[in-house]
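Here the structure is a predicted model, which means the values were calculated and not measured. Heavy-atom basis, side chains included; hydrogens, waters and symmetry copies ignored. Throughout, protein chains are lettered first and strands after them, A, B, ... in sequence-line order, and every chain is numbered starting at 1.
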2 protein chains.
Amino acid sequence: MTAKTRAEKMEETRVKLIAAGRKAFAHKGYADASMDELTASAGLTRGALYHNFGDKLGLLAAVVDEIDSAMAQKAKDAGDAAGGGWNGLMAEGRTYIELALDPEIQRIVLRDGPAFLGDPSNWPSQNRCLQATIATLGELADQGAIKSVDIEALARMLNGVALNAALWVATSDDPQATLHKAISAFECLASGVLVKQEHR
Amino acid sequence: MTAKTRAEKMEETRVKLIAAGRKAFAHKGYADASMDELTASAGLTRGALYHNFGDKLGLLAAVVDEIDSAMAQKAKDAGDAAGGGWNGLMAEGRTYIELALDPEIQRIVLRDGPAFLGDPSNWPSQNRCLQATIATLGELADQGAIKSVDIEALARMLNGVALNAALWVATSDDPQATLHKAISAFECLASGVLVKQEHR
DNA sequence: TTAATTGACATACGCGATGTATGTGAATAT
DNA sequence: ATATTCACATACATCGCGTATGTCAATTAA
């Protein structure tokens with residue numbers, strides 16, 4: 001086998017640091033995570049950290065982006081599996097909320113992320129997710145399936161509901177029980193954008 | 001007039017520190033707010049801070065409690081002025097959106113609060129704004145005007161929509177135009193919780 | 001009125017963590 | 001083979017929190 005090149009080793013340390021970051025940030029929270037301990041647990045020093053990510057926030061941004069991108073991908077897959085359209089949109093939302101059961105996601109993405117990195121709608125991963133929602137809503141609007149309200153506004157509000165639901169589940173004492181309530185409320189509110197109300 | 005007693009002076013310093021906390025936390029965020037600078041801006045030292053509030057988190061809790069209480073009062077007033085019921089709920093939502101336009105509220109109560117103090121429903125203030133929404137929804141549920149979904153969940157989702165709307169408006173190029181879109185979208189989603197008699 | 005005591009706040013210190021400046025050795029280029 | 005780059009380690013400066021201790025005015029008691 002071929003010897004490791006320099007770029008390969010650097011990528012290796014980036015992966016190690018992000019992995020260590022996920023563990024430390026999830027377990028102790030961003031504020032209480034020591035970069036000395038974190039880098040040591042990866043067999044490195046803070047030198048590697050500041051060379052690769054600039055500062056502590058840089059590592060958090062990288063960790064959040066990795067996790068949030070994976071979340072968006074899973075949500076999109078669920079939407080496609082549900083056949084797209086309205087059912088797809090609901091499946092995306094439901095999946096996003098269910099992911100909030102993961103303690104790592106709860107702590108890093110839903111709690112510390114907004115506090116230390118700012119408004120989530122400015123995150124690269126969140127913007128991608130928003131564009132996907134806008135596209136789906138656009139199709140539904142062309143079909144006359146939803147009320148004539150500004151598409152971007154609807155997309156932002158829907159994502160806001162899902163994010164808020166996820167946050168609620170994340171901080172709940174009983175995540176499993178809260179999950180069902182959150183999903184029901186999400187679908188209830190979402191039904192408001194449909195032209196035809198569901199019969200119950 | 002009577003000379004200032006000791007308890008009166010202490011209350012004065014508490015007021016000064018909370019006021020300084022609101023300014024510093026809103027402008028620099030909780031994490032980057034220096035207690036040295038904060039207390040100095042109030043003409044005091046960190047000694048007063050730790051004597052009155054125990055630690056940095058104690059001051060944040062006091063600040064959040066004060067703001068959260070004021071928010072609840074304004075929302076309730078708006079709801080009452082609209083005559084309660086569904087109109088009152090919509091008025092509360094609009095009020096919440098307008099309140100969340102305040103950068104101080106955005107940063108301290110809506111972002112740093114949950115991150116550093118934990119789940120808002122566990123705050124000493126018990127998130128009074130949310131409680132007001134829950135109370136109104138309870139009335140509507142008794143009247144059979146809304147779908148049978150968990151009241152707390154609905155309240156949280158509605159507030160989540162309002163929060164997201166406010167954040168969007170706040171960062172918009174044209175806040176006035178965006179505000180109308182946001183409120184329309186809010187009312188659109190909110191209508192999802194109403195039962196529609198004509199479809200039964 | 002005056003001496004004793006309380007307590008609200010200031011001052012001083014230790015500890016830990018971040019960020020930067022500098023050093024080093026292995027991989028790459030000439 | 002020598003020079004150079006650069007990924008990372010090491011060493012250092014700084015800053016901010018929390019605590020321990022000091023101080024002086026306001027209260028209390030005689």
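Atom CG of B:L38 is separated from atom C1' of D:dC17 by 13 Å (rounded to the nearest Å). The CG atom of B:D32 sits 17 Å away from the P atom of C:dA17 (whole-angstrom rounding). Between the P atom of D:dA7 and the CD atom of A:E12 lies a distance of 14 Å, rounded to the nearest Å. A:M10 places its CE atom 10 Å from the P atom of D:dC6, with the value rounded to the nearest Å. When the C1' atom of D:dT19 is taken as reference, atom NZ of B:K56 falls 17 Å away, rounded to whole Å. Straight-line distance from the NZ atom of B:K16 to the P atom of C:dA8: 15 Å, rounded to whole Å. Going from atom CD of A:E11 over to atom P of D:dC8 covers 11 Å, rounded to whole Å. Rounded to whole Å, atom C1' of D:dG16 lies 12 Å from atom OH of B:Y30.
Distance from the side chain of A:T45 is smallest to D:dT10 among D:dA7, D:dT10, C:dC9. Of the candidate nucleotides C:dG19, D:dT19, C:dT18, C:dG19 has the atom lying nearest to any side-chain atom of A:D55. In this structure, the nucleotide among D:dC17, C:dT18, D:dC8 sitting nearest to the side chain of B:M35 is D:dC17. Residue B:T13 has its side chain nearest to C:dC9 when only C:dC9, C:dA17, D:dG18 are considered. For A:Y50, taking side-chain heavy atoms from C-beta onward, the closest of the listed nucleotides C:dG7, D:dC17, C:dT18 is C:dT18.
Annotation: B:F116 is in aromatic contact with A:F116 [ring centroid separation under 6.0 Å].
By the 4.0 Å N-to-carboxylate-O rule, B:E66 lies close enough to B:R22 to be salt-bridged with it. For A:E152 and B:K181, the salt-bridge test fails: no basic side-chain N is under 4.0 Å from an acidic carboxylate O. Taking the charged nitrogens against the carboxylate oxygens, B:K74 and B:E98 have no contact shorter than 4.0 Å, which rules out a salt bridge.
Taking 4.0 angstrom as the limit, A:N52 places none of its side-chain polar atoms (N or O) nearer than this to OP1 or OP2 of D:dA7. At least one side-chain nitrogen or oxygen of B:H51 sits closer than 4.0 Å to the OP1 or OP2 atom of C:dA8.
Between the side chain of B:R46 and the base of D:dG16, no donor-acceptor pair under 3.5 Å is found.
As judged by a 4.0 angstrom heavy-atom cut-off over every strand, A:A33 is placed among residues touching the sugar-phosphate backbone only.
A donor-acceptor pair shorter than 3.5 Å can be found between the side chains of B:E92 and B:T136.
Mapping A:R14 and B:D36 onto DNA chain D by nearest heavy atom places A:R14 at the nucleotide closer to the 5' end.
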